[in-house]
Amino acid sequence: MSSAGRRPFIAGNWKMHKTVGEAVALVRELAGMVSGVGETVEVAVAPPFTAIQPVAQALAGTRIGVAGQNCHWEASGAFTGEVSAPMLKEAGCRYVILGHSERRQFFGETDESVNRRLKAALANGLVPIVCVGETLAEREAGRTLEVVSRQVRGGLAGFDAAQVGGMVIAYEPVWAIGTGRTATSAQAQEVHAAVRALLAELAGGDTAARVRIQYGGSVKPDNAAELLGQPDVDGALVGGASLKASDFAAILRAAR
Ligand code: PGA
């Protein structure tokens, strides 16, 4: 637990990796490894859509939750290639990742569309993990806090304190994702503290103190403890290292 009593939350973002067979094998291995860790740390994995239901079934009775990697704002309709929040919920998801930088970069996701997807997630009882983060050019131009604030304000526009209190934010500097180049713990802490201050402005101090803010971007077993040791870093959104059970389990142990 962090000083404010926030339970650390580690989520594995599998992106477009793992067939059904591979996904089920990975979570079986993981479930065996994390049985002792689960109590103190909240854990989730986000498989590709095709593997959500089999993974949820394989994880039934364990403390590992399942997350979608995105959801549409409508419950159903003519939106080829999209999946809705009620569909994720029924398939066994407890969480959904929204606004990941790869969605923003390659699939035209904007703060406005994130905001609409977020509404659908909450309306369907999914815990959203809202991703924000600056590009390298934005950081080098000294615009990190401005960009992240705009993303948080835009994504969370129109939500009340109770709704904000049910969200998880993931700060993921784009330049650190999949690059092996992680933010220093000081860089992470600076942005996390700024996000928490902004949440306090938007939703009040009590709510801001409750919201978990994950760090994401090349989190590995050997840097997790240092990052997670920061006062406003309440967990991690892990990409590459979540695809190997032993690495993911080591990150969970670092969070304990
Ligand atoms: P990475 O990805 O850990 O592979 O950098 C993190 C993410 O994109 O969520």
Side-chain angles (χ1 to χ4, degrees), residues 8-18 22-23 26 30 41-49 51-52 55 64-71 93-109 114 117-118 121 126-136 138-139 144 147-148 151-152 155 167-185 187-188 191-192 195 212-228 230 233-255:
F9 177 25
I10 310 290
N13 174 13
W14 293 4
K15 311 190 180 187
M16 196 171 74
H17 294 287
K18 305 292 174 188
E22 291 165 350
L26 176 56
L30 196 59
V41 182
E42 196 167 320
V43 189
V45 293
F49 293 131
I52 285 174
V55 161
I64 306 174
V66 181
Q69 296 181 13
N70 190 20
C71 74
C93 288
R94 197 183 303 161
Y95 312 89
V96 61
I97 298 169
L98 293 174
H100 190 279
S101 67
E102 287 149 18
R103 299 291 323 165
R104 295 177 189 261
Q105 218 178 330
F106 305 127
F107 302 100
E109 202 77 68
V114 171
R117 293 175 196 271
L118 194 41
L126 290 167
V127 175
I129 301 173
V130 185
C131 303
V132 296
E134 82 288 1
T135 63
L136 185 59
E138 289 163 342
R139 174 162 284 269
T144 298
V147 168
V148 169
Q151 291 170 334
V152 172
M167 298 176 188
V168 174
I169 309 289
Y171 167 57
E172 299 202 303
V174 178
W175 48 271
I177 294 178
T179 58
R181 186 176 162 193
T182 182
T184 65
S185 53
Q187 285 172 324
V191 180
H192 282 232
V195 169
R212 269 94 50 91
I213 307 175
Q214 296 175 320
Y215 169 80
S218 297
V219 176
K220 306 285 178 215
D222 62 0
N223 61 26
E226 163 81 19
L227 287 159
L228 292 165
Q230 300 304 306
V233 178
D234 310 311
L237 185 53
V238 185
S242 71
L243 297 171
K244 207 173 144 204
S246 57
D247 282 357
F248 194 60
I251 293 169
L252 295 177
R253 284 194 298 274

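Atoms within a ligand are numbered from 1 in the order they appear, just like the ligands themselves. Quick note: numbers below take in every heavy atom, side chains included, and nothing from hydrogens, waters or symmetry partners.
Of all the heavy atoms of Ile177, the ones lying under 4.0 Å from any atom of ligand 1 are found in both the backbone and the side chain. Contact annotation: for Ala176 versus ligand 1, heavy atoms closer than 4.0 Å belong to the backbone alone.
With 3.5 Å as the limit, one finds no donor-acceptor pair spanning the side chains of Glu22 and His17. A donor and an acceptor atom, one from each side chain of Ser185 and Tyr215, are nowhere located under 3.5 Å apart.
Looking at atom 7 (C) of ligand 1, its nearest protein heavy atom turns out to be Glu172 OE2, 3.1 Å. Of all protein heavy atoms, the one lying nearest to atom 4 (O) of ligand 1 is Gly240 N, 2.8 Å. The closest protein non-hydrogen atom to atom 3 (O) of ligand 1 is Gly239 N, 2.9 Å.
Counted within 6.0 Å of NZ on Lys220, heavy atoms from surrounding residues, nucleotides or ligands total more than 12; the atom is thus considered enclosed.
Considering backbone and side-chain N/O atoms, Lys15 comes within less than 3.5 Å of an N/O atom of ligand 1.
Distances from atom 5 (O) of ligand 1 to the heavy atoms of Gly133, Gly178, Ala170 show the closest one on Gly178.
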* **Chi angles and distances behind the side-chain contact (heavy atoms from CB on, under 4.5 Å) call for Val114, Arg104** => CA-CA 9 Å; Val114 171; Arg104 295 177 189 261; 4.1 Å; yes
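Below 4.0 Å from some heavy atom of Ser218 lie the following atoms of ligand 1, by number and element: 1 (P), 3 (O), 5 (O). Atom numbering of ligand 1 starts at 1 in the shown order; those under 4.0 Å from a heavy atom of Gly217 are 5 (O). Numbered from 1 in the order shown, with element, the atoms of ligand 1 that lie under 4.0 Å from a heavy atom of His100 read 7 (C), 8 (O), 9 (O).
Between the CG atom in Leu252 and the CD1 atom in Ile64 there is a gap of 7.5 Å [rounded to 0.5 Å].
Side-chain contact between Asp234 and Pro8 is absent, with no heavy atoms from C-beta onward closer than 4.5 Å. Considering only heavy atoms from C-beta on, Asn70 stays 4.5 Å or farther from His100 through its side chain.
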